Every structure is written in structure tokens, then in C-alpha cells.
Amino acid sequence: MIRNIFIFCLILCCGAGMVEGQEVGDTIPQTANTTVTPSTEASTDTSETAAQAYRSQDYKESISLYEALIAQGLTDDKVSAQLYYNLGNAYFRDNQLGKAILSYERALLLDPGDSDIRHNLRFAQNRTVDRIDTAANLFLANWFRGIRNVFSSNQWAATGIILFILFLACVAIYLFIRLLWARKTAFYTGIVLFLLMMAANIFAFSQKSERTRKDSAIVMAGAATVNASPDTGSNQLFELHEGTKVKIRNRDGNWFEIRIADGSIGWIHQQDIEVI
């Protein structure tokens, strides 16, 4: 019995260390039970004013207010996918396509499972000038991203914690219950729960890493030249237009080495893009 208690405590400590690093709650909560403070009241008033300006087609005022809310959220280390989504809508209505796509992409990083964000992002991308064929990706990579993006990193982290608690329950049944059928059921169920818990943690870590890497950007210039080297006098390889998404590979001073969807690589000036 003492040995079983020791094993259970060891598993509990190891699992607690695994979930300790998970990030939960980096979006602004919007529940009815949230304690109202002067700052949250001010944010709510500003958000309502921004929404009203959007409905009144005063898009520039709406943009200004949403940007102020996002800036405050970044200061407080709390950012909201909904605010980026609303900002993207205001930019799109104001015919600022690059900034609209940038805002939608930032919203999608925070809430990749939101169908409204994905729909509006695709709609905005259809307005871009560039039509770039996407290079073929491995099936497993597409499959992994497809499952991972069903939930946000916070949701995957919360799922991992719940699965860990259920896994502990199975371990307790296996160690302390003497009924053979109960121990067998707990053993096999525990294996499944452990694998699902590991998958949830991997998905959460992958999404969090993608959000912090900042290796993607949106072209903000109406027409941006991509050169063969980080020098304005080098050969011009091709031209990209507002709203096109690129991957950042390297940096040299005020130049970024980028890769576009078809695999083409070149150097673009920092002022022509903005990191997502």
C-alpha cells in the first residue's frame, strides 16, 4: 500500500510539472461573473463606442478606438482575438487591405478555431493582387495543423489539465481498487487518456511557439520589390503587393529575407512589411 501511494504521488508531481508551464488566460475574459473595476468599465465603454462608430460607418474613429484598446491590452499582457477581429473589420471597411489582413492574422493566432475570423481572412485575401501557387506540403504536417487549430493554445492547455485529472483517477483506481475488471478498465483507459493528454500538451506548445516566433509578416506597401540580396542595387527578383503573407527566414539590418507560398526566396525592405 505504501508503495502504491508513493507511485501515485510521484505521478502527481510529474504531471503537475508538465501542466505548470501551460499558459491559461491570455485573452480578455468576457464573462458575466467577472469583477468590474474602473479599468474594465472604461474598456467596456470604449469598446461600445468603437462598435457604435463602426455601425455609423465612422471607420477611422472605430479604428482609433480599437487600436487604443489593443494597446492597453498589450500593456496589461492581455490581448483579445475579438478586438483584433473587430479592428480587421474596420480596416477592411476603410479600404486598408494590408492592415485588415494583418489584424485578422493576429486574431487567428489567438483563436485559430474561430470560423468567423477564418472566413473574413479568406474574403480579404481574395482582394489581394498577388495570386501565388502554394507549394505542396506533407500530408502529416497539414493533418497536424488541422487538428491543432481546432482549439486555441489555452483551450488545449485546459483540455490537457482535465485529461491529466482523469488520468490520475484511473491510476488511483488501478493502484487502490482490487476488482480485476475495474483495474483492467482503468489501465487501458489510463493509457488512452495519457496519450490524449500528451497530444493536447503538444498542440498547446506548438500554438504558443507559433505565436511567439513572429516569423510571418504581411506586405503593407502597395507594391514592394523583392531583391536578390539586402541591397537596393541588387537584382529585382519579383514584386509583391499589399496584403500578401510572407515567411521571415533571416534579417540583415533593415532587410528581411523572406519566402512566399510557392517557395520563392528574396530580400525585402523592413518598411514594406509588418510582422504578424
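Predicted model only: the values in this text are computed from it and were never measured.
- Checking side-chain atoms of R183 against main-chain N and O of Y174 turns up a donor-acceptor pair under 3.5 Å.
- Within 6.0 Å of CZ in R93 there are 12 or fewer heavy atoms belonging to other residues, nucleotides or ligands.
- Aromatic ring centres of F92 and F123 lie closer together than 6.0 Å.
- No more than 12 heavy atoms of other residues, nucleotides or ligands lie within 6.0 Å of NZ in K214, so this atom counts as exposed by the packing criterion.
- Crowding of F238 atom CZ: a count of heavy atoms from other residues, nucleotides or ligands under 6.0 Å exceeding 12.
- For the pair R131 (side chain) and N126 (backbone), a donor-acceptor distance under 3.5 Å is present.
- Between the side chain of R118 and the main chain of P112, a donor-acceptor pair closer than 3.5 Å is present.
- Side-chain atoms of Q125 and R122 include no donor-acceptor pair closer than 3.5 Å.
- For an aromatic pair to be called close, the ring centres must be under 6.0 Å apart, and Y104 with Y84 fails this.
- In this structure, D94 contributes its side chain and A90 its backbone to no donor-acceptor pair below 3.5 Å.
- Between D116 and Y85, the closest side-chain pair of non-hydrogen atoms falls below 4.5 Å.
- Looking at heavy atoms from C-beta onward, L195 lies in side-chain contact with I191 at the 4.5 angstrom threshold.
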| task | Show your working on side chain to side chain donor-acceptor pair (under 3.5 Å) between T128 and D130 and close with a plain yes or no. | result | CA-CA 6 Å; T128 58; D130 297 324; over 6 Å; no
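- Summarising the geometry, atom OG belonging to S80 is positioned 11.0 Å from atom CG belonging to L74; distances are rounded to the nearest 0.5 Å.
- No more than 12 heavy atoms of other residues, nucleotides or ligands sit less than 6.0 Å from atom CG of N235.
- Across V226, T225, D252, a single residue satisfies side chain to side chain contact (heavy atoms under 4.5 Å, CB included) together with W267, and that is D252.
- When only modelled atom types and interatomic distance are considered, D231 and S229 share no side-chain donor-acceptor pair under 3.5 Å.
- A donor-acceptor pair under 3.5 Å is absent between the side-chain atoms of T189 and the main chain of A186, judged by distance alone.
- For S103 (side chain) and K99 (main-chain N/O), a donor-acceptor pair under 3.5 Å exists by modelled atom type.
- Looking at S64, its side chain never comes within 3.5 Å of a backbone N or O of K60 through a donor-acceptor pair.
- In this structure, Q271 and N254 have side chains that are not in contact, with every pair of non-hydrogen atoms separated by 4.5 Å or more.
- At least one side-chain heavy atom of L240 sits under 4.5 Å from a side-chain heavy atom of I132.
- Centroid-to-centroid, the aromatic rings of F144 and F203 come within less than 6.0 Å.
- Checked by atom type and distance alone, the side chain of Q270 never pairs as donor or acceptor with a backbone atom of R251 at under 3.5 Å.
- Side-chain atoms of E274 and I218, non-hydrogen and from C-beta on, never get closer than 4.5 Å to each other.
- In this structure, E242 contributes its side chain and G98 its backbone to a donor-acceptor pair below 3.5 Å.
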